[in-house]
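Beneath this line is the structure, given in structure tokens, with notes to follow.
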Amino acid sequence: MVFIISPKTMTTTINLPLYLKPSPNSHFLRPNSPPISLRRPSISVRSQALGEPPDSAAVYQGVYGPWKVDSADVQEVVLYRSGLVTAATSFVIASSTAFMYNTDSEVIDLIRRNLDLFYGVGACGLGVSLFLIHIYVTEIKRTLQGLWLIGGLGSLAAYSALAQPAGKSLVEYVVLNPAAVWLVGPLFAALTGLVFKEGLCYGKLEAGILTFIIPSVLLGHLSGLMDEGTKLSLLGVWMALFVVFAGRKFTQPIKDDIGDKSVFIFKALPEKEKAALIEKLEQQNYPQNRN
């Protein structure tokens, strides 16, 4: 990828490799060398609901230089949003049985027999989104991914060591044994972190409400301080807002879920090239600041 920084007094072309780790002898410090093409083969993704198409000519100004949305970015964002839709759909289908406990229906019976399948599919969808999510602070992203992993392993342990011997599905066992929330809870803590990030970055009301609803339901069930009617009411709100949250992701421009791409490119550079770029930007900004 080529960054072009054009102050009033000078023009400099900096070649920033995006997908390959630059070597100490990279072209980054050679302003006169030709740009390097590092395109990856990709599938064209086009949809009016997905923001800019892969060949968008729009150029965005980042902290470390201009950047564009390419086809690889589009595919990544589509997968991120699809993971959220998968998680929301699985959760809503499985949770719907809580409101139809006395309903005799083949469809509901089918869902009840496959609660763990829906749980697993939803957890995998969330995992995909957490793997692809763009967060500037790497430690926060790793924390969310770590919570998801702990929750996934805890779910497997609870299923094999507790639910199966009791002849129950994992979901049924957690409902009947609140202490099992300790094992599956980290998975939902990761989901809470994701919706909090979305609410904080984009000011989405449904994400902000979910940040409080999700832990409230789990902690209320774990502590036993919340009656069944309250839990069902909050669960219904959770289901509705989760659908709205996942659906509205596809109304955002692709660039929103990418963030400032120049930051991620900068963080992937070796330390020497980071220092060189910062020094060059400071030199270019100095004349402007004096004026």
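Since we're looking at a predicted model, the values are computed, not measured.
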Show the numbers, then the answer: is there a side-chain contact (heavy atoms from CB on, under 4.5 Å) between Ile278 and Phe266? CA-CA 10 Å; Ile278 292 174; Phe266 174 80; 3.6 Å; yes
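- For Glu139 and Arg142, the salt-bridge test fails: no basic side-chain N is under 4.0 Å from an acidic carboxylate O.
- The ring-ring contact (aromatic ring centres under 6.0 Å, His included) pairs that include a residue from residues 125-145 are His134-Phe264, Tyr136-Phe264, where partners are two or more places apart or lie in different chains.
- The two residues Met226 and Lys231 have their closest heavy-atom pair at SD-CG, 3.4 Å.
- Separating the CD1 atom in Ile108 from the OG1 atom in Thr97 is a distance of 7.0 Å, to the nearest 0.5 Å.
- Contact between Ile150 and Pro186 at its shortest, heavy atoms only, is CG2-CG, 3.9 Å.
- Across all non-hydrogen atoms, the minimal contact from Val243 to Val92 is CG2-CG2, 3.5 Å.
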Before you tell me yes or no, could you show the steps for Leu110 and Glu106 under side-chain contact (heavy atoms from CB on, under 4.5 Å), namely the whole-Å CA-CA distance, both residues' side-chain angles and the distance that decides it to 0.1 Å? CA-CA 6 Å; Leu110 180 63; Glu106 292 184 3; over 6 Å; no
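- For the pairing with Phe91, the ring-ring contact (aromatic ring centres under 6.0 Å, His included) check across Phe245, Trp238, Phe118 returns one residue only, Trp238.
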Take Lys255 and Trp67 through the test side-chain contact (heavy atoms from CB on, under 4.5 Å) and record every step on the way to the result. CA-CA 10 Å; Lys255 68 179 182 65; Trp67 58 273; 4.1 Å; yes
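- Of all heavy-atom pairs between Thr192 and Pro215, the closest is OG1-CD, 4.0 Å.
- For the pair Lys141 (side chain) and Ile133 (backbone), a donor-acceptor distance under 3.5 Å is present.
- With hydrophobic clusters built from ILVMFWY side chains whose heavy atoms lie under 4.5 angstrom apart, Leu176 does not share a cluster with Leu222.
- Side-chain atoms of Glu172 come within 3.5 Å of backbone N or O of Ser169 as a donor-acceptor pair.
- Inter-residue side-chain proximity for Gln252 and Glu198 is flagged as met; some heavy-atom pair is nearer than 4.5 Å.
- Under the 3.5 Å distance criterion, the side-chain polar atoms of Thr251 are left unmatched by any main-chain donor or acceptor of Gly247.
- With contacts defined as side-chain heavy-atom distances shorter than 4.5 Å, the pair Tyr64/Ile265 does not qualify.
- In this structure, CD in Gln61 is found 8.5 Å from CG in Asp260, a value given to the nearest 0.5 Å.
- Applying the ring pair (Phe, Tyr, Trp, His ring centres under 6.0 Å) criterion to Tyr202, with sequence neighbours excluded, gives no partner residue.
- Looking at every heavy atom in both residues, Leu235 comes nearest to Ser95 through CD1-OG, 4.0 Å.
- Side chain of Asp257 to backbone of Ile254: no donor-acceptor contact under 3.5 angstrom is found.
- Grouping the Ile, Leu, Val, Met, Phe, Trp and Tyr side chains by contacts below 4.5 angstrom, directly or via other members, places Phe212 apart from Met239.
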Could you go step by step and tell me if Leu162 and Leu183 meet the side-chain contact (heavy atoms from CB on, under 4.5 Å) rule? CA-CA 11 Å; Leu162 301 174; Leu183 295 173; 3.9 Å; yes
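- With hydrogens and angles ignored, the 3.5 Å screen pairs no side-chain donor or acceptor of Lys261 with any backbone N or O of Val69.
- With sequence neighbours left out, the side chain to side chain donor-acceptor pair (under 3.5 Å) criterion links Ser155 to Tyr119.
- Transitive grouping of hydrophobic side chains (ILVMFWY, heavy atoms separated by less than 4.5 Å) keeps Leu132 and Ile258 in distinct clusters.
- The CG atom of Leu149 sits 10.0 Å away from the CG atom of Leu187 when rounded to the nearest 0.5 Å.
- Note: Ile213 CD1 to Leu241 CG = 7.0 Å, rounded to the nearest 0.5 Å.
- Here CG of Leu225 is found 11.0 Å from OG1 of Thr230. Values are rounded to the nearest 0.5 Å.
- Here the NZ atom belonging to Lys197 is positioned 12.5 Å from the OG1 atom belonging to Thr211, to the nearest 0.5 angstrom.
- By the rule that hydrophobic residues join a cluster once side-chain heavy atoms approach within less than 4.5 Å of another member, Val174 and Val121 end up as members of separate clusters.
- Apart from Leu200 itself, the hydrophobic cluster it occupies contains Phe196, where clustering links Ile, Leu, Val, Met, Phe, Trp and Tyr at side-chain heavy-atom distances under 4.5 Å.
- Residues meeting the ring pair (Phe, Tyr, Trp, His ring centres under 6.0 Å) test with His221, sequence neighbours left out: none.
- Cluster membership check: Tyr80 shares its hydrophobic cluster with Phe242, using side-chain heavy-atom separations under 4.5 Å among Ile, Leu, Val, Met, Phe, Trp and Tyr.
- Between the side chain of Ser129 and the backbone N or O of Leu84 there is at least one donor-acceptor pair closer than 3.5 Å.
- At distances below 3.5 Å, at least one donor-acceptor pair connects side-chain atoms of Ser96 with backbone N or O atoms of Ile93.
- Within the structure, no pair that satisfies the ring-ring contact (aromatic ring centres under 6.0 Å, His included) test touches residues 142-184, not counting sequence neighbours.
- Looking at Val85 and Phe250, their side chains come closer than 4.5 Å, going by heavy atoms from C-beta outward.
- The minimum heavy-atom distance linking Ser262 with Val63 is given by the pair OG-N, 3.3 Å.
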